[in-house]
Structure formats: C-alpha cells, structure tokens
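Read through the structure below, which is laid out as structure tokens, and then see the notes.
Each ligand, and each atom within it, is numbered from 1 in the order the structure gives. Every heavy atom of this structure was used, including side-chain atoms; hydrogens, water molecules and symmetry mates were not.
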Amino acid sequence: MTGGDDEGGLSSSAQEVADARGLTDLDIQAALKTFVPSGGRDEYVMFASGGHSGSVFAIGIPSMRILKSIAVFTPESWQGYGIGGPTEAVLDQGNYNGQDITWGDTHHPALSETAGDYDGEFLFINDKAAGRVAVIDLKDFETKQIVKNPFSNIDHGGTFVTPDTEWVIEGPQYAAPLGGEYASLDDYNEVYRGYIMFWKFDREAGRIDESKSFGMELPPYWQDLCDVGKLESAGWLFCGSLNSERATGGIEDGNPPFESGVSQNDMDYLHIVNWEKATEMGRNASMTESYNGMPYISIDTAVAEDLLFMAPEPKSPHGSDVTPDGKYVIVSGKLDPHITGYSFENMMSAIDSGAGSPDPYGIRVLPFDDVVVAQIEVGLGPLHTQFGGDGIAYTSLFLDNAVAKWSFGDTWELLETIPTQYNVGHIAAAEGDTVSPDGNYLVSLNKWATDRFQNVGPLLPQNLQLLDISMEHPQVIYDMAMGVGEPHYAQIIKADKLDPWQVYPEIGWDPHTQAVDPDAAMPGQERVERNGNNVEIWMTAIRSHFTPENVEIREGDNVTWHITNIERAYDATHGFALPGHNVTLSLEPGEAATFEFVAGNSGVFNFYCTEFCSALHLEMMGHLLVQP
Ligand code: CUK
Ligand code: CUA
C-alpha cells in the first residue's frame with residue numbers, strides 16, 4: 001500500500017482515485033496484488049494453448065499481460081513464421097495427405113521436466129485437429145519441430161511428459177481405422193482404434209527422435225485427458241475415456257446422437273498403462289506391428305505383457321490428474337457431480353491379485369471398489385483438477401461456474417466453491433503439474449465471457465480469471481480478456497526458471513539448427529553471385545540499411561537469398577518484407593535466414609524493414625529489380 005496517514009488506509013490521493021473510480025476495498029486489494037509497475041517483472045509465466053488459433057501464448061502472472069504469442073501450427077506474419085522464410089519448412093513437417101495444413105487446434109501444453117519439476121527448457125503442444133505434436137525451444141520461444149502421428153489424424157489427451165522428459169506422450173481421442181484409412185462404421189468395433197504415441201525426446205538435439213518413437217493400439221473408447229505418474233506411480237500413465245458404448249452416431253438415421261449415445265453406460269474406462277515397460281519393447285520388431293514405418297504395440301501384446309489395464313470411471317469423464325505425490329489419480333465425470341480418487345497402490349495390488357474381468361478386447365478391468373479410495377461431491381460438471389500443495393486440490397465446475405476447493409489424502413472433503421465467470425474449462429495452478437505446486441495462484445480458463453467485457457461483437461473473447469488461492473477464501477483478482485484464441489490447458493512456471501537468450505549467441509545464427517549457418521551472410525561479405533539462371537544473394541541488415549540495397553535480377557531466375565541481422569544490441573530486431581513474393585521475416589539480433597523463390601514476374605519490388613527499428617527506419621529499404 002502507498003503510505004497513508006490513517007492506519008492501514010490509502011493515502012488521501014490514492015483514496016481519491018479509488019473513490020473516483022468507485023473501487024471497493026476488495027477491488028483495491030486485487031489491483032495491488034496484480035499490478036506490476038512499469039519496468040517490473042511478473043513472478044510466473046503461464047503458457048496457454050490457443051485452441052484453434054494454432055498458437056501458444058506466454059502470459060505474465062500476476063499481471064495477466066500477454067508477453068508473447070508463439071506461432072506453432074498457423075503462419076503468423078508478425079513473427080515471419082511460415083510465410084516465405086525458413087520456418088515454412090517447420091510448418092511443412094506437419095503436412096499430410098499431400099496437403100498443406102496451415103492451422104491447428106492446440107490443447108495441452110507440457111513444459112519439459114527434470115525429476116518431475118518444470119525445468120524451463122522446452123514446451124510441447126498437441127494439435128487436436130491433425131494429430132500432431134510440436135516442440136518449442138524456450139531458448140528463443142520458437143517452434144522448432146512438428147511431428148505427425150502416423151496412425152491417427154486426431155489426438156487430444158496429450159501432450160504430457162515423463163518426469164525426466166525422455167518421452168513426450170500424445171494421447172488419442174476419436175477412434176478411426178489405422179492411419180485414417182477407410183472402413184465402414186459397421187466395422188467400428190473391429191477396425192476403429194485409438195493410438196497413443198510415445199515420442200522419444202532427444203534433449204541434446206532439442207528434437208523428437210521419430211526413429212526411436214512408437215505407438216500403442218487402444219480400444220475405440222475415445223480416450224480423453226491423460227496424465228503421467230510421478231514419484232510413487234512413476235512409470236505409469238492414466239487416460240480417461242468417454243465412449244465405452246462405442247456409439248457411432250447417426251442422428252440422421254434415427255440413432256441416438258453422440259451427445260447421448262456416448263453417455264448411456266454408468267461407467268467408462270480409465271486406462272492404466274505401464275509406459276516404462278512399453279518403452280522397453282516399443283521398437284522391438286518381434287513385439288510390435290508397424291504402419292508406415294512406425295512400430296506400435298497391439299492391444300493383444302499390451303494385454304499379454306501386462307502393459308494395459310483399465311478401471312471403471314463414472315459417467316463421461318474428462319480430466320485424469322495425478323496428485324503431486326503420485327499416490328492418487330483424480331477423475332472427474334462431466335455428468336457426475338463427484339470427483340473420484342483412485343489409489344495407485346490399490347491399482348497395483350488389484351493387478352497383482354488378478355482381480356477383475358476382461359473387456360471385449362481382453363483388457364482386464366480392475367474392480368471399481370478395489371481401486372477407488374474416495375468420491376467427493378464437488379458440484380456440477382467437474383472437468384479438470386489442479387493441485388495447490390499440502391493435500392489441497394481444485395476442480396473446475398463447468399456447469400456450476402465455479403472452482404471447487406477440496407482436500408485429499410488424510411481427509412477427502414469439499415472445502416468450498418469459488419465462483420468464476422463463466423463455464424470454466426481447464427484450470428492451471430502455479431507449478432501445478434510438478435511434484436511441488438506453489439499454492440498461490442490459480443487461473444480459471446473460462447469458455448464463456450458473456451457480460452464481463454466491453455461488447456466487441458458476437459465473437460467474444462474467452463475470460464481468463466486469476467485467483468489468489470493463498471487467501472483463506474480464494475478469490476478472483478483479475479479478469480483477462482483472451483481475444484486471440486481459446487485456451488484449453490495452460491501450465492504456469494516460475495519465471496526465474498526460464499533463461500532465454502537476449503540476442504542470438506553469434507552473428508549468422510540459424511534458429512532451426514541453433515548453430516551458426518555456414519551459408520549465412522556475414523558483414524563485409526555481402527554480394528550477389530550469378531551462375532547461369534541461379535542467383536544467390538548475401539545481404540546483411542543493421543540500423544538503418546540493408547547491404548546491398550538494390551538487387552537486380554532477371555525474370556525466371558532461381559533466387560536464393562541469405563539475410564542476416566548483424567546487430568548485437570538487445571531488441572534490435574529487423575523485419576524483411578518482400579512484397580509481391582509473400583515473404584515476411586523477423587530477424588532477431590544475430591539471426592540468419594535463407595529463402596528461395598523463382599522470379600516469376602518482372603518489375604520493381606520495394607523491400608523494406610517491417611520493425612520500426614530506428615529514427616531512420618523508413619529509409620531501411622531497397623529495390624528488387626526484376627528485368628523482363
Ligand atoms: S479439453 Cu478443453 S476444457 Cu482439450 Cu483439455 Cu477440457
Ligand atoms: Cu530495421 Cu526498421
């Protein structure tokens with residue numbers, strides 16, 4: 001608080017501001033908790049998926065300011081991502097069926113972990129729309145790799161990582177025949193499947209190694225959110241599912257619509273997978289099948305090798321979340337007002353004792369009563385659970401517009417519900433998926449904003465609400481309009497665990513290889529070389545000119561253009577826009593890029609710098625002259 005004359009109050013001038021703006025005492029407290037002074041820093045960074053924007057957003061906490069959008073599956077001109085420059089090759093990795101895929105639906109970001117704790121090095125994100133996973137390097141907050149699930153064109157339950165990030169796991173969702181090939185819905189039970197992918201992560205290379213990755217076949221139950229075990233449950237993973245009915249829809253033919261067809265049974269199946277054991281055989285040709293060169297473990301092998309078990313879970317579950325101590329898996333049923341707590345220890349005893357009976361695919365379903373330790377009625381529409389440390393958990397209540405706070409471990413009970421506005425999907429707690437959550441902030445990622453913001457037309461932003469959960473009775477302390485994409489999940493990392501570069505380490509840096517590009521244009525070596533119809537250009541950029549400034553070529557030339565920002569100053573980014581050729585680059589200090597094109601049209605094209613980099617930024621331009 002600003003020093004006031006009256007005990008504990010605001011100084012008269014601050015009080016005048018509060019009075020003039022009609023702020024209550026709670027408003028003032030919320031403002032003081034979330035205000036970060038000019039030039040100050042946030043304590044945490046939240047990485048929120050951007051839904052069908054195909055991006056990821058880095059957001060400061062507690063200020064709730066967007067610090068950066070990270071283009072992943074969708075081209076973004078501001079970052080020069082996927083528009084003419086070298087990052088087109090990153091996007092192209094995700095193409096399939098002979099099509100350029102230029103959008104994605106990001107759902108579940110996963111920060112890399114070391115010993116179950118976020119280490120701030122990498123971020124992984126899935127694309128539900130195409131069954132893809134991307135790797136973002138947190139050295140420069142840029143997307144480095146996209147891998148395509150060879151078995152499935154859709155995913156959902158990932159990404160999540162094993163406690164030391166040896167594996168990035170991509171969980172499935174809607175079932176389809178292997179590789180997305182055709183099969184009639186009449187053959188649903190026999191042919192349609194889910195495929196969970198185990199992507200091997202090579203931390204040294206900063207890439208997923210497809211040659212060491214594999215999949216596992218699962219029944220067509222619509223696997224949903226997954227989480228990986230930790231500490232006591234290390235080596236195992238858990239995925240909910242929501243269509244044990246194996247409904248195939250067809251409202252147009254008089255069948256029950258999916259919304260009721262997949263919700264007729266009282267129980268669905270929590271999938272319990274021994275991932276550690278699976279990784280021992282995932283690349284073993286005698287233990288696996290293969291599709292398009294990628295091995296996968298069949299259901300039969302998974303059953304025979306004790307890799308896959310199930311437990312019943314109440315109606316239409318959504319989230320499956322492992323407690324920080326690894327002892328329990330928490331499941332929320334969308335159509336069940338309870339959270340259900342499963343004990344990992346009990347699962348292991350049930351597995352060892354041989355209890356349970358097989359599902360139609362021969363997978364042993366453990367008896368519900370043997371593995372469940374508690375059920376708490378928390379409210380309507382429970383979806384996702386997060387943890388606050390010390391046996392405290394929070395579950396989003398979509399239908400109740402609230403977050404339930406409850407305790408687990410010694411006593412399982414509902415403590416209170418905290419209203420949020422409105423229709424909360426995921427929630428994210430500070431360091432919430434680690435072995436030691438911080439218990440101070442929680443963000444409610446609300447699907448509907450309705451009446452919370454200025455009307456900006458019929459497409460509304462989402463409403464991200466920051467809650468102070470260190471209070472005895474947690475409260476919303478900030479509403480952030482998320483007007484650039486619908487976040488599904490988010491993870492929140494302590495800001496001081498992130499250590500990104502300020503500028504690229506050396507001049508001529510290729511962010512794709514994270515090394516100096518041997519072909520990079522270097523200061524003093526700028527030139528244009530012609531070899532027949534092939535023209536190669538080495539250009540540098542520094543405040544406030546390109547060298548060379550004018551480039552003369554001929555129609556039909558094959559052009560290879562290298563350009564390097566040779567600045568060493570913090571924040572001295574230059575853009576490079578080449579009108580008429582669909583090229584836009586963002587060149588951060590030190591960064592080198594190469595792009596190629598065929599000079600299709602004669603004419604004069606004014607290229608220019610798109611970042612207002614200096615007082616003479618407008619002079620930072622040049623001519624591409626293409627002779628007829
Ligand atoms: S899902 Cu979106 S609210 Cu994709 Cu994690 Cu639950
Ligand atoms: Cu460089 Cu503007």
* **Which of the ligand 1 atoms, numbered from 1, are nearer than 4.0 Å to a heavy atom of His108** => 1 (S), 4 (Cu), 5 (Cu)
* **Lys447 neighbourhood, listing ligand 1 atoms whose heavy-atom distance to it stays under 4.0 Å** => 2 (Cu), 3 (S)
* To do: Confirm or rule out an N/O/S atom of His617, from backbone or side chain, lying less than 2.8 Å from atom 2 (Cu) of ligand 2.
  => yes
* Asked: Any Lys/Arg nitrogen of Asp127 or Arg132 sitting under 4.0 Å from an Asp/Glu carboxylate oxygen of the other?
  -> yes
* Could you tell me whether His156 and His108 have their ring centroids closer than 6.0 angstrom? => yes
* Please examine the side chains of Tyr489 and Leu225, heavy atoms only from C-beta on, and report whether any two atoms are closer than 4.5 Å. => no
* Of all N, O or S atoms in His156, which has the smallest distance to atom 4 (Cu) of ligand 1? -> NE2
* Evaluate side-chain hydrogen bond (donor to acceptor under 3.5 Å, both in side chains) for Asn565 paired with Tyr504, printing each intermediate quantity in order. => CA-CA 10 Å; Asn565 176 349; Tyr504 281 110; over 6 Å; no
* In sequence, state the C-alpha distance, the side-chain angles, and the governing distance for Ser544 and His617, and then conclude on side-chain hydrogen bond (donor to acceptor under 3.5 Å, both in side chains). => CA-CA 6 Å; Ser544 301; His617 151 80; over 6 Å; no
* Of all residues at least two apart in sequence or in a different chain, which pass the side chain to side chain donor-acceptor pair (under 3.5 Å) check with Glu486? -> Lys447
* For a side chain to side chain donor-acceptor pair (under 3.5 Å) with His574, tell me which candidate from Glu567, Glu588, Glu611 qualifies. => Glu567
* Listing by chain and number, what protein N/O/S atoms are under 2.8 Å from atom 6 (Cu) of ligand 1? -> His318 NE2, His384 NE2
* Using atom 2 (Cu) of ligand 2 as the apex, give the angle to atoms O (Glu611) and SG (Cys613), rounded to 10 degrees. => 100°
* So Tyr342 and Phe238, ring-ring contact (aromatic ring centres under 6.0 Å, His included) or not? Walk me through it. -> CA-CA 11 Å; Tyr342 297 74; Phe238 313 92; 8.9 Å; no
